[in-house]
Amino acid sequence: MKPRVRFAPSPTGPLHIGGVRTALYNYLFAKQNGGTMILRIEDTDQTRFVEGAEEYIIEAFQWLGVKFDEGVGIGGNYGPYKQSERKPMYKQYADQLIANGWAYYAFDTPEALEQKRKEYEAEKKNFQYDWRTRESMTNSLTLSAEEVAQRLANGDAYVIRFKHTPDTEILVNDIIRGEVRINSNILDDKVLYKSDGMPTYHLANIVDDHLMEITHVIRGEEWLPSAPLHVMLYKAFGWEAPRFAHLPLLLKPDGNGKLSKRDGDRLGFPVFPLQWKDPKSGEISSGYRESGYLPEAVINMLALLGWNPGNDQEVMSMDELIQLFSLEKISKAGAKFDLEKAKWFNHHYLQAYPNEKLAESLKLTLQGKGLDADMDKIIRVVALIKERLYFINDLWSQSYYFFERPTEYNEQVIKKRWKEGTAEHLMHIAEILTSTVPFDKTAAHDKVMDYIRGNELNMGQIMNSFRLTLVGDAKGPDLFEIIDILGVEETVIRLKNGIDAISKCAN
RNA sequence: GCUGCAUUCGUCUAGUGGUCCAGGACAUCAGAUUCUCAGUCUGAGGAUCGAGGGUUCGAAUCCCUCAUGCAGUACCA
């Protein structure tokens with residue numbers, strides 16, 4: 001049987017990178033087995049709806065190259081794929097559970113529950129709506145049938161709760177963790193159906209997974225504690241449960257604990273695939289895309305955070321990941337996010353990225369700064385500095401000196417490299433280069449080397465200061481490559497400008 | 001508190017009773033590439049496998065106890 005898996009986010013904001021990984025694992029598993037990947041939006045909590053979140057999710061996966069076969073924005077034979085649009089279908093399932101004794105009406109108001117909790121807290125106890133306490137609450141187990149009917153007829157607010165059977169051992173068979181056993185006595189009677197007429201996650205999740213014929217539920221470890229409830233729900237409905245796989249958490253790089261939005265801000269890396277602007281507060285959270293990451297790198301890095309192919313291979317394309325992936329090889333413990341490795345992956349993938357594309361990106365940056373250059377030159381520049389890139393956004397910081405003259409010169413470099421006589425030597429070199437016809441990098445190289453040798457100088461004495469006048473700093477690729485792109489005229493102008501400016505401030 | 005899950009180099013991890021006094025990658029350090037920086041290449045250091053007990057001829061690998069961490073404990077997902 002071909003697997004059917006789903007990624008089911010709730011549209012409460014941008015998609016957390018942990019969620020991205022969950023989706024990725026679902027996708028890899030589905031594709032490997034020729035199965036179906038479904039996007040379902042779990043928006044049963046209407047109070048937490050955030051404008052734009054759904055669109056964000058879809059766009060993020062498009063960027064990452066995780067493709068859904070079915071679901072919101074795509075369609076399919078199991079729709080609708082948004083739970084709010086499925087609202088009318090849940091009630092009958094809740095009713096079914098009441099009818100067969102697996103659930104009951106509860107009329108306790110939120111205030112009454114809050115009160116109860118306070119009472120318990122005063123005695124340092126924890127209130128839980130369960131088999132011990134439900135007898136003392138206001139529900140269809142304690143009220144007479146007439147009164148329940150009366151309240152229902154009156155339109156009194158109620159919820160429907162699951163009724164756990166005490167003293168039962170519930171077995172959750174998890175692909176990653178093996179058999180997890182839980183005694184039903186510690187479980188609470190979770191609300192399945194809310195007073196606003198919407199199901200809770202627990203009910204909607206089971207009903208939808210069943211109706212959509214989901215075969216494997218691959219989700220975050222934070223769901224493990226409610227897995228027994230879900231197993232019981234399948235049992236109560238008389239449905240076959242899907243297989244479960246609970247993924248380890250993504251942890252913050254320093255210390256312990258779940259990776260959160262704040263950690264990203266604090267440590268300087270994105271926690272979201274795309275940039276997100278909160279529609280209410282206007283607050284902006286950075287995204288991998290906007291930070292100059294390549295989707296291939298994000299995917300590769302994320303895939304390895306909690307999984308590996310069992311050998312030493314670490315660089316893998318999406319296709320390779322699909323081939324090699326296996327749920328059994330997912331690790332059990334949480335993984336700390338490693339920024340350095342993420343950077344390395346991005347650098348690695350950037351090297352295989354087409355120069356033309358990088359050039360287009362750089363061109364945009366140039367235009368934004370009011371600079372212009374023809375595409376041929378930009379491509380040449382890109383080819384020269386590519387190996388120094390860690391992010392697409394490094395393009396400018398690694399190449400600006402090809403497009404604008406230095407306006408300042410690194411003082412430490414001046415101190416170290418600008419000696420007596422430097423200015424004179426560079427003046428001579430400027431003259432020599434001007435009279436070099438035809439001019440190209442080989443000719444330039446030969447002339448400069450002749451000068452150095454002819455004056456019994458060593459390379460460093462000339463080249464470093466020369467570089468300083470062209471770049472403004474002690475960095476960059478081979479100097480003659482730079483000169484070649486700049487051209488004689490520009491080179492000579494920069495030489496003279498540099499000599500003037502530096503001589504002035506040196507004195 | 002209760003319940004559950006987890007625990008191998010700084011980090012991600014390999015490892016499923018002997019070939020492991022533990023392998024790889026990122027990071028770190030050193031050397032090379034001598035105009036600089038970056039990159040690249042080569043090499044090095046780095047884990048008494050959370051602790052303590054067992055089982056076994058033999059344990060990172062199996063069992064038990066403890067410790068620590070994390071997650072969950074809502075009419076949120």
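This structure is a prediction, so every number in the text was calculated from the model and none was measured.
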* Round to the nearest Å and state the distance from Asn346(A) atom CG to C26(B) atom P. => 15 Å
* Structure fact -> Considering only heavy side-chain atoms of Ser331(A), the closest of G15(B), U13(B), C12(B) is U13(B)
* **Between P of U13(B) and CZ of Phe337(A), the distance in whole Å** => 13 Å
* To do: Counting heavy atoms from C-beta on, name the nucleotide in C5(B), C12(B), A71(B) closest to the side chain of Ala335(A).
  => C12(B)
* salt bridge (charged side-chain N to carboxylate O under 4.0 Å, His left out) with Asp189(A): which of Arg161(A), Arg132(A), Arg134(A), Lys163(A)? -> Arg134(A)
* Asked: Do Asn139(A) and Tyr129(A) have a side chain donor and acceptor closer than 3.5 Å?
  -> yes
* C37(B) C1' sits how many Å from Gln398(A) CD, rounded? -> 9 Å
* Can you find an N or O donor on one side and an acceptor on the other, under 3.5 Å apart, linking the side chain of Ser195(A) with the base of C75(B)? -> yes
* How is Phe127(A) classified with respect to the nucleic acid when contacts are heavy atoms under 4.0 Å: base, sugar-phosphate, or nothing? -> nothing
* **Gap between atoms CG and C1', on Leu251(A) and U68(B) respectively (whole Å)** => 14 Å
* **Side-chain N,O (Lys194(A)) to OP1/OP2 (C76(B)) below 4.0 Å** => yes
* In whole angstrom, give me the gap between the C1' atoms of G15(B) and C62(B). => 15 Å
* Using only heavy-atom distances, decide whether a donor-acceptor pair under 3.5 angstrom links the side-chain of Glu221(A) to the base of G72(B). => no
* **Sugar-phosphate only, base, or nothing, as touched by Asp189(A) at under 4.0 Å among non-hydrogen atoms** => nothing
* Rounded off to whole Å, could you give me the NZ-to-P distance for the Lys332(A) and A71(B) pair? => 20 Å
* Any side-chain N or O of Tyr129(A) less than 4.0 Å from the OP1 or OP2 oxygen of U73(B)? -> no
* Would you check if the side chain of Asp43(A) reaches a backbone N or O of Gln83(A) as a donor-acceptor pair within less than 3.5 Å? => yes
* **Aromatic ring proximity Phe7(A)/Phe61(A), centre distance under 6.0 Å** => yes
* Considering only heavy atoms and no angle criterion, is a donor-acceptor pair shorter than 3.5 Å present between the side chain of Lys341(A) and the base of A25(B)? -> yes
* Asked: Starting at CH2 of Trp344(A) and ending at C1' of G39(B), how long is that distance when rounded to a whole Å?
  -> 13 Å
* Check against side-chain hydrogen bond (donor to acceptor under 3.5 Å, both in side chains), Tyr120(A) and Asn126(A) -> CA-CA 6 Å; Tyr120(A) 271 67; Asn126(A) 219 11; over 6 Å; no
* Structure fact -> Mate of C41(B) across any strand shown (Watson-Crick or G-U wobble, both atom pairs under 3.5 Å) is G31(B)
* Does C49(B) have a Watson-Crick or wobble mate here (both distances under 3.5 Å), and if so which one? -> none
* Structure fact -> Contacts of Lys258(A) and Arg467(A) projected onto RNA chain B by closest heavy atom; the upstream (5') one is Arg467(A)
* To do: Using a heavy-atom cut-off of under 4.0 Å over every strand shown, decide if Arg117(A) touches base, sugar-phosphate, or nothing.
  => sugar-phosphate
* Structure fact -> Ile206(A) atom CD1 is separated from A77(B) atom P, nearest whole Å, by 13 Å
* Asked: Mind checking who A6(B) pairs with, Watson-Crick or G-U wobble, both distances under 3.5 Å?
  -> U68(B)
* **From CZ (Phe272(A)) to CG (Leu15(A)), nearest 0.5 Å** => 8.5 Å
* Asked: Between Arg181(A) and Asp45(A), who's closer to the 5' end of RNA chain B by nearest nucleotide?
  -> Arg181(A)
* To do: Return the value, rounded to whole Å, for the distance between atom CE of Met459(A) and atom C1' of U36(B).
  => 11 Å
* To do: Check every atom of C35(B), U11(B), G4(B) against the side chain of Val180(A) and return the nucleotide holding the closest atom.
  => G4(B)
